[in-house]
Amino acid sequence: MALETERKTEAIFNSTPARKQKDRILLLLRLVAFLATASATIVMALNKQTNTLVVATIGNNPIKANLTAKFQYTPAFVFFVVANGMASFHNCFILVLEIVGHRIDYKGLRLAIIAILDMLIVVLAAAGDGAAVFMAELGKNGNSHARWNKICDKFQTFCDHGTGALIASFIGLILLLIINIISIAKLFKPKSDITI
């Protein structure tokens, strides 16, 4: 009888408006992180520019060639798109799980799995962002020691779209870090405060 009364008290405690407000804030953070990583994925995946450039001059006649800049030409940008795509899928999946997943929770195991997956996604997104930032810096400034020329002076739109994708991805990464901290903090709450 006492156990049943304790469960009813926990159910009332867990359904307080403050608890629901915290869950709504977490859902909102996940939604914004999803939108940021999804927009970074879409912008970079559609990033392409073709320019006609003079490649040589014979006498007074310039020789021109059509050159194209695509994200697929750089493995770091491909990794960036894949990492942000996986982060988007993860956030979408967890949003659905948070909305309807309370019915399939098994003794708080859901919270631990979500925290571990959040940590993995933060690492993956950070690695993708780091790789893309390195290549973006190389494209913008070049490397005089290796005699790699910059390309952003020739493909300005490509570089601008890449910069926008990087900004969106870093916003998503910051939100993923905040979500990760909240997910880990949920693990350390007393069992009476965990929703069932």
Side-chain angles (χ1 to χ4, degrees), residues 27-58 61-98 113-181 183:
L27 285 175
L28 181 66
L29 284 173
R30 273 202 197 276
L31 180 64
V32 175
F34 165 73
L35 293 173
T37 55
S39 65
T41 302
I42 292 168
V43 169
M44 186 63 87
L46 298 176
N47 197 4
K48 176 183 172 183
Q49 182 181 1
T50 302
N51 276 352
T52 302
L53 302 172
V54 176
V55 293
T57 305
I58 299 177
N61 298 329
I63 298 176
K64 296 181 180 182
N66 284 334
L67 298 176
T68 302
K70 289 183 179 180
F71 87 96
Q72 294 102 324
Y73 296 161
T74 307
F77 289 154
V78 172
F79 179 57
F80 174 83
V81 169
V82 170
N84 277 290
M86 290 178 70
S88 300
F89 175 74
H90 166 77
N91 279 318
C92 185
F93 177 72
I94 297 298
L95 276 170
V96 171
L97 188 65
E98 285 289 329
I113 291 172
I114 289 174
I116 291 169
L117 289 175
D118 282 344
M119 212 176 313
L120 290 173
I121 290 300
V122 166
V123 170
L124 183 66
D129 289 354
V133 164
F134 169 75
M135 289 309 296
E137 195 278 329
L138 187 62
K140 183 178 180 185
N141 299 322
N143 187 337
S144 60
H145 300 292
R147 294 192 179 196
W148 292 337
N149 296 328
K150 58 185 177 180
I151 66 160
C152 284
D153 57 342
K154 297 169 184 69
F155 295 97
Q156 187 66 39
T157 304
F158 179 79
C159 291
D160 289 344
H161 289 174
T163 302
L166 283 169
I167 291 170
S169 182
F170 272 108
I171 291 170
L173 179 62
I174 290 169
L175 291 171
L176 286 170
L177 281 169
I178 294 168
I179 291 167
N180 192 22
I181 291 168
S183 295

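Keep in mind that this is a model prediction, so the values were computed, not measured.
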Closest approach of [X] and [Y], non-hydrogen atoms and distance?
| X | Y | result |
| --- | --- | --- |
| Q49 | Q156 | OE1-N, 3.6 Å |
| F80 | L166 | CE1-CD2, 3.8 Å |
| A33 | G172 | CB-O, 4.4 Å |
| A36 | A168 | CB-O, 3.4 Å |
| L173 | A125 | CD1-CB, 4.0 Å |
| S88 | A38 | OG-N, 3.0 Å |

Any side-chain heavy atom of [X] sitting closer than 4.5 Å to one from [Y]?
| X | Y | result |
| --- | --- | --- |
| L138 | M135 | yes |
| N84 | T37 | yes |
| D118 | L176 | no |
| I94 | R30 | yes |

* **N47 side chain vs F158 backbone, donor-acceptor pair below 3.5 Å** =>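 Such a contact is found between N47 side chain and F158 backbone.
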* With sequence neighbours excluded, tell me which residues meet side-chain contact (heavy atoms from CB on, under 4.5 Å) with V43. =>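 Testing V43 for side-chain contact (heavy atoms from CB on, under 4.5 Å), a comparison that skips the adjacent residues, returns H161, A165.
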Say you draw a straight line from [atom1] of [X] to [atom2] of [Y]; how long is it, rounded to the nearest 0.5 Å?
| X | Y | atom1 | atom2 | value |
| --- | --- | --- | --- | --- |
| C92 | L35 | SG | CG | 10.0 Å |
| K154 | L67 | NZ | CG | 10.0 Å |
| I151 | T74 | CD1 | OG1 | 7.0 Å |
| T57 | I63 | OG1 | CD1 | 7.5 Å |
| I121 | I114 | CD1 | CD1 | 12.5 Å |
| T41 | L46 | OG1 | CG | 10.5 Å |

* Pair T68-T50, side-chain contact (heavy atoms from CB on, under 4.5 Å): steps then yes or no -> CA-CA 4 Å; T68 302; T50 302; 3.1 Å; yes
* Asked: Without hydrogens or angle criteria, can the side chains of D129 and S169 be said to hold a donor-acceptor pair below 3.5 Å?
  ->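 Yes - a donor-acceptor pair under 3.5 Å links their side chains.
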* Please determine which of L175, L29, N91 meets the side-chain contact (heavy atoms from CB on, under 4.5 Å) test together with F34. =>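 The option that passes is N91.
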* **More than 12 heavy atoms from other groups under 6.0 Å of CD1 on I58** =>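 Open.
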* To do: Answer yes or no: does atom CZ of F79 have more than 12 heavy-atom neighbours from other residues, nucleotides or ligands under 6.0 Å?
  =>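 Check passes, neighbour count above 12.
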